[in-house]
Protein chains: 2
Amino acid sequence: MHEKKRDVAHKILLAAVKVFDRYGLRKTTMRDIAESAGMSKSSLYYYFKSKKDILSSVVKQESLTLTRKLHHAIQQDISPQQKLREYVVTRMHLLFELSVYYASLSEAYLEQYSFIEQEREAFTAFEIDAVSKILSDGVSKGIFQGRDILTAAKTIIIIMKALELRLVISKSMDELDSTVDTMLEILFHGLETR
Amino acid sequence: MHEKKRDVAHKILLAAVKVFDRYGLRKTTMRDIAESAGMSKSSLYYYFKSKKDILSSVVKQESLTLTRKLHHAIQQDISPQQKLREYVVTRMHLLFELSVYYASLSEAYLEQYSFIEQEREAFTAFEIDAVSKILSDGVSKGIFQGRDILTAAKTIIIIMKALELRLVISKSMDELDSTVDTMLEILFHGLETR
DNA sequence: GATTTTTCGTCCAATTTGGTCGAATCATAC
DNA sequence: GTATGATTCGACCAAATTGGACGAAAAATC
């Protein structure tokens with residue numbers, strides 16, 4: 001039945017992630033995906049109407065995982081400082097795992113696809129909201145200085161994006177973690193009341 | 001002069017390694033290399049007569065580095081056991097670094113290029129020779145059992161090639177090192193006189 | 001300023017690309 | 001059985017991309 005149809009579609013998406021990961025989004029062809037999935041190229045079109053459709057599905061799937069896990073990470077009952085650290089570190093690790101999503105954020109040639117642009121904007125909105133909440137919570141608890149929260153949140157997000165670049169270059173998680181720690185050290189002592 | 005010509009050729013090779021690394025050998029185009037080198041595609045043909053020529057140059061260059069460093073690693077005045085360990089570990093790390101050479105050994109589609117096949121054979125011959133020398137040294141020192149050295153060397157090389165596969169999958173150097181240690185533990189206690 | 005070295009834009013035939021379509025195969029029902 | 005629908009695939013196409021050729025324009029050297 002179409003129970004199976006969903007399974008096969010999922011199998012195709014897994015295969016697509018594998019080759020996207022290997023060759024990059026631009027270089028991956030429908031033949032590559034078909035080969036990786038162990039079926040003919042024609043069959044792919046029974047489940048997805050285009051290459052764009054496959055990419056879109058993968059991105060949406062990873063986007064869901066990303067925002068869901070990030071949201072979960074900051075639901076813990078911990079201090080605002082810890083929450084901020086948790087958010088940054090979790091975000092780094094997830095963007096490393098969800099490689100297709102990460103590529104979709106950074107590969108310039110994808111600007112032709114409008115759904116990618118939408119996704120980028122939606123994710124930015126999510127981030128501003130999440131970080132803002134952590135900050136305003138910290139302010140109301142007297143831990144962070146009561147300054148312009150939106151601007152502060154945007155600043156943090158900009159710094160995180162700069163860290164992404166390091167992530168691509170070094171690819172060492174431990175090194176990255178300590179960089180994050182160092183950065184948050186600085187960040188906290190600038191934000192905390194004293 | 002043609003001092004500069006060699007420099008530019010070298011710059012092109014560096015750029016080629018970068019994109020070979022990123023897209024794989026098959027997926028990399030002359031346009032990619034040109035873009036990465038910051039010059040026009042046509043100009044590449046002033047320095048190299050074909051894509052095959054570029055690949056060949058990179059492989060030969062990395063091949064030289066590989067055998068030179070491997071040779072150096074086993075020139076140290078250490079025990080045969082240590083020498084064997086040194087060889088295996090150094091080999092792993094170098095094959096990880098010299099990614100184009102590694103790809104040239106493993107990517108199947110390259111079988112069309114005869115120089116790759118020659119390179120593979122030459123490297124195998126080098127390995128058999130190197131490992132055999134370590135083994136026969138160990139035998140003459142009474143450390144290894146005096147069995148068929150050639151077969152023993154080939155066995156070790158086969159095991160190393162099996163480890164390469166793990167390397168591609170895990171990509172974690174620390175994990176690999178301990179695997180090598182474990183393997184050599186077993187290997188030594190089978191080889192040593194007791 | 002003539003000559004040589006180096007770069008590049010443009011062109012081409014060959015291959016590869018994303019995507020279509022109808023026929024073949026498979027499963028499920030009767 | 002066989003009729004019906006679900007699923008796969010090979011063959012095919014127009015469009016894009018490929019490796020490579022060539023000569024004209026710059027740069028560098030004399």
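Chain naming here is simple, since letters A, B, ... match the order of the sequence lines and numbering starts at 1 in each. None of the values given here were measured: they were computed from a predicted structure.
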Reading DNA chain C from 5' onward, which residue's closest nucleotide shows up sooner: B:K41 or B:K11? B:K11
Separation of atom CG in A:D7 from atom C1' in D:dT8, rounded to whole Å: 17 Å
Nearest heavy atom decides the nucleotide; on that basis, is A:R31 or B:T28 closer to the 5' end of DNA chain D? A:R31
Side-chain atoms of B:S40 come closest, of D:dG19, C:dC8, C:dG18, to C:dC8
B:K11 atom NZ, over 12 foreign heavy atoms within 6.0 Å: yes
Checking contacts here: which listed nucleotide (D:dG20, C:dT7, C:dG18) is nearest the side-chain heavy atoms of B:Y46? C:dT7
Starting from the first five and the last five pairs of the helix from C:dG1-D:dC30 to C:dC30-D:dG1, work out the angle between the resulting helix axes, to 10 degrees. 30°
Please tell me which of the listed nucleotides, D:dG19, D:dT8, C:dC8, lies nearest to the side chain of A:M39? D:dT8
Distance, rounded to the nearest Å, where A:Y23 contributes OH and C:dT17 contributes C1': 15 Å
Taking the minimum atom-to-atom distance to the side chain of B:K51, which one of C:dG19, D:dG19, D:dG10 wins? D:dG19
So, using side-chain contact (heavy atoms from CB on, under 4.5 Å) as the criterion, who are the partners of B:K52 when residues are at least two apart? B:S50, B:Y113, B:F115
N/O donor-acceptor pair under 3.5 Å between B:S99 side chain and B:L95 backbone: no
Please identify each residue that fulfils ring-ring contact (aromatic ring centres under 6.0 Å, His included) with A:Y101, with sequence neighbours left out. A:F123
Roughly, in whole Å, what's the span from CZ in A:R26 to C1' in C:dT16? 15 Å
Side-chain N,O (A:Y45) to OP1/OP2 (D:dT7) below 4.0 Å: no
The side-chain contact (heavy atoms from CB on, under 4.5 Å) partner of A:F20 among A:D32, A:V59, A:L55, A:L13 is A:L55
Taken to the nearest whole Å, CD1/A:I33 to C1'/C:dG19 is 13 Å
N/O-N/O pairs, protein side and nucleotides 2-4 of chain C side, under 3.5 Å:
none

Please evaluate the base of D:dG20 for a donor-acceptor partner in the side chain of B:K49 within a cut-off of under 3.5 Å? no
With hydrogens left out and only the distance checked, is there a donor-acceptor pair under 3.5 Å joining A:S42's side chain and the base of D:dG10? yes
To the nearest Å, how far apart are A:E35 CD and D:dT8 C1'? 17 Å
Contacts of B:K41 meeting side-chain contact (heavy atoms from CB on, under 4.5 Å) (sequence neighbours excluded), chain-then-number -> B:M30, B:R31, B:A34, B:Y45
For A:S140 and A:D137, indicate whether the former's side chain and the latter's backbone hold a donor-acceptor pair under 3.5 Å. yes
I'd like to know if B:E117 and B:R120 make a salt bridge, using a cut-off of under 4.0 Å between side-chain N and carboxylate O. yes
Specify the separation, in whole Å, of atom CE of B:M30 and atom P of C:dC11. 20 Å
Residues forming a salt bridge (charged side-chain N to carboxylate O under 4.0 Å, His left out) with B:K133, sequence neighbours excluded: B:D129
Nearest of D:dT8, C:dC8, C:dG18 to any side-chain atom of B:S43? C:dC8
In whole angstroms, the gap separating C1' of D:dC22 from CG of B:L44 amounts to 16 Å
Around A:K27, counting heavy atoms of other residues, nucleotides and ligands shown, do more than 12 lie under 6.0 Å from its NZ? yes
Nearest-angstrom distance from the residue atom NZ of B:K27 to P of D:dT17: 13 Å
